[in-house]
Each structure stands twice: as structure tokens, then as C-alpha cells.
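In what follows, chains are A, B, ... by sequence order, proteins preceding strands, each numbered from 1.
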2 protein chains.
Amino acid sequence: MQNIEEQYVSCERELAAIRDSLEILGGKWKLRIMRHLNNHINENNTFKKIQREIDGISAKMLSKELQELEINLLVTRKVMDTRPVTVSYAITQYGLSVFPVNESLVKWGLNHREQIK
Amino acid sequence: MQNIEEQYVSCERELAAIRDSLEILGGKWKLRIMRHLNNHINENNTFKKIQREIDGISAKMLSKELQELEINLLVTRKVMDTRPVTVSYAITQYGLSVFPVNESLVKWGLNHREQIK
DNA sequence: GTAACCGGTTACCTTTAGTTAACCGATAAA
DNA sequence: TTTATCGGTTAACTAAAGGTAACCGGTTAC
């Protein structure tokens with residue numbers, strides 16, 4: 001049995017973890033991009049190809065979101081030796097760890113639609 | 001095996017579900033409040049008591065967030081027959097369904113701290 | 001009558017998230 | 001030399017989220 005102080009610390013740690021997850025995976029585009037890369041995992045996902053295939057995303061947002069995903073080790077960026085230069089993005093092995101979170105959000109959201117109708 | 005159209009619909013449904021989940025459970029306070037109500041489930045959680053115990057939350061935000069949680073059937077609001085009147089909030093049975101999502105966010109966030117350090 | 005408690009609401013402000021459109025350098029094709 | 005492609009960046013904007021502080025009606029205790 002934990003004492004009060006340990007309970008408090010554990011609670012703070014969990015709250016910080018939730019903040020981290022929502023900051024890194026939340027927002028309008030992050031999971032959208034991760035899912036797209038995962039659904040096209042055997043393709044050469046260049047910047048332009050991703051932008052064409054994700055409906056509504058601007059170059060600015062795609063660039064910004066990919067940078068943040070790369071910083072968090074969820075995707076890799078590889079400059080290809082083509083003319084003109086293309087840049088290929090891919091989900092990392094570690095990036096696959098977001099899919100349980102993705103699934104729990106999907107599951108809850110789908111069920112919630114049933115619940116409130 | 002699904003055809004292309006069915007895949008597309010399923011993908012749109014899942015993306016909408018993620019948007020719903022993040023809209024209803026995301027933000028700075030929603031899960032914070034749900035966790036608090038769950039941790040104090042046998043107590044009389046009045047507005048003032050919740051506000052005292054959740055560090056940093058303003059009356060405005062607490063009021064707004066509780067209203068939205070109530071609309072989504074996640075908490076109940078009960079005006080008590082006391083002087084002066086108090087209002088008691090409680091998590092619903094359905095509200096408990098957020099904890100698997102909560103757990104997956106906690107788990108991913110905790111692991112991510114390890115991963116990037 | 002005045003002060004205090006409860007459960008809020010309102011107005012105003014700041015910060016963050018996201019959009020739009022123009023622009024950039026490097027390269028290559030016509 | 002003009003035009004196009006790729007992978008962005010920049011500036012300027014709007015929209016959404018959240019914070020701060022003052023205020024409110026109803027009630028009770030002094």
C-alpha cells in the first residue's frame with residue numbers, strides 16, 4: 001500500500017504522461033499522418049505524395065507536423081538521390097507504438113456515437 | 001476482403017471517431033476531472049470541493065467542462081437540498097468507459113519519456 | 001444591514017492551433 | 001530563357017482554447 005505522498009507523485013506522473021501523449025499525438029493532423037504512413041507502408045511516401053493523399057493538409061502543416069513526429073522518433077526523413085530531389089518519410093518501428101492509442105481512441109469514439117444517439 | 005469504397009468509408013468513420021474522442025476527452029481539464037471524480041467516487045463532490053482539489057482550475061473552466069461532460073453522459077449533476085444549495089457531481093457508469101483510453105494515453109506517455117531520454 | 005458561502009456567469013484578454021497565399025532555391029525539361 | 005517540379009518557408013490572418021477578474025442571485029450567520 002502506497003502512502004499519500006507516493007500516491008500523489010504517481011498521480012502527477014500519470015497526468016504528465018497524458019499531457020505528453022495529447023501534445024505529441026493530439027491535434028488535427030498527427031494521427032492522420034501516422035495512419036497514412038502505416039496504410040502505405042510499402043510505398044515511397046514523398047512529401048508531395050503525402051500532401052496529395054491527405055485531404056486538406058497544407059504544405060506548412062505537413063512540414064511542421066512531420067518535423068515534430070521526426071523529433072519524437074515516430075517517423076524518419078530521408079532525402080533521396082533523385083532529380084529533382086525528393087524526400088521520403090516512413091514510420092519507424094517505435095512509431096508503431098502509437099497504434100494501440102489510435103485503436104483505443106477509435107474504439108471509444110465509435111462506441112460513443114452509438115451511446116449518445 | 002473489403003473493396004476500395006468500403007475501406008474508404010471505414011477509414012473516414014475511424015478518423016471521425018478519433019476526432020470525437022479528442023474533442024470530448026482532450027484538452028487540459030476533461031480527463032483531469034474524470035480521474036478526480038473516479039478517485040473520490042465515494043465522496044460528495046460538490047462544485048467547490050472539486051475546484052479546491054483540482055489544482056489551478058478556474059470556476060469558469062470547471063463549469064464549462066462539467067457541462068460538456070454531462071452532455072456526453074459521462075457525469076451527472078445533482079442539485080442538493082442543502083443551505084446554501086450545493087451541487088454534487090458524479091461519474092456515470094458509462095463514464096467509466098473513458099478509463100481504457102486514459103490508461104492507453106498514460107502508458108504511451110510514460111513509455112515515451114523513457115524512449116526519448 | 002452587512003458579510004460570507006455556494007454555484008456559477010460575463011467580459012475581456014492572451015496564447016495556441018490552424019489556414020491561406022505568396023514566395024524561395026535547386027534542378028530539369030522545352 | 002521560360003516554365004515546371006520538389007520540398008519546403010514566410011508572413012499575415014482567423015479561430016479556438018484557456019486565463020483573469022469582476023460580478024450575480026439566493027441564502028444564512030452575525
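Under the 3.5 Å distance criterion, with hydrogens and angles disregarded, no donor-acceptor pair is assigned to the side chains of A/Thr46 and A/Thr86.
For residues 21-34 of chain B, the side chain to side chain donor-acceptor pair (under 3.5 Å) pairs, not counting sequence neighbours, are B/Lys30-B/Glu68.
Here D/dC6 presents its C1' atom at 14 Å from CG of A/Leu66, a figure rounded to the nearest Å. One atom, NZ of B/Lys78, and another, C1' of C/dG7, lie 17 Å apart when rounded to the nearest Å. Distance, B/Arg32 CZ to D/dG19 C1': 17 Å, rounded to whole Å. A/Tyr89 places its OH atom 14 Å from the P atom of D/dC6, with the value rounded to the nearest Å.
Heavy-atom distances under 4.0 Å link DNA chain C to A/Ser58, A/Lys60, A/Met61 of residues 43-65 of chain A, given in residue order. Annotation: proximity of residues 17-31 of chain A to DNA chain C (heavy atom, distance under 4.0 Å) is found for A/Gly27, A/Lys28, A/Trp29, numbered in ascending order.
Remark: A/Tyr94 pairs with B/His112 by the ring-ring contact (aromatic ring centres under 6.0 Å, His included) rule, at least two apart or across chains. Residues that satisfy the salt bridge (charged side-chain N to carboxylate O under 4.0 Å, His left out) test with B/Arg19, not counting sequence neighbours, are absent from this structure.
Of the possible polar contacts, none joining the A/Ser88 side chain to the A/Lys78 backbone as a donor-acceptor pair under 3.5 Å is found. Side chain of B/Asn45 to backbone of B/Glu43: a donor-acceptor contact under 3.5 angstrom is found.
B/Val106 pairs with exactly one of A/Leu15, A/Asp20, A/Ile18 by the side-chain contact (heavy atoms from CB on, under 4.5 Å) rule, that one being A/Ile18.
Distance check: A/Tyr89 OH to A/Ile50 CD1 gives 7.0 Å after rounding to the nearest 0.5 Å. In this structure, NE2 on A/His36 lies 11.5 Å from CG on A/Asp55, to the nearest 0.5 angstrom.
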What protein N or O atoms touch nucleotides 26-30 of chain D N or O atoms at under 3.5 angstrom, if any, and at what distances?
{"residue": "D/dT28", "atom": "OP1", "partner": "B/Arg83", "partner atom": "NH1", "Å": "3.4"}

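Hydrophobic clustering (ILVMFWY, side-chain heavy atoms < 4.5 Å, transitive): B/Ile71 and B/Ile91 are in distinct clusters.
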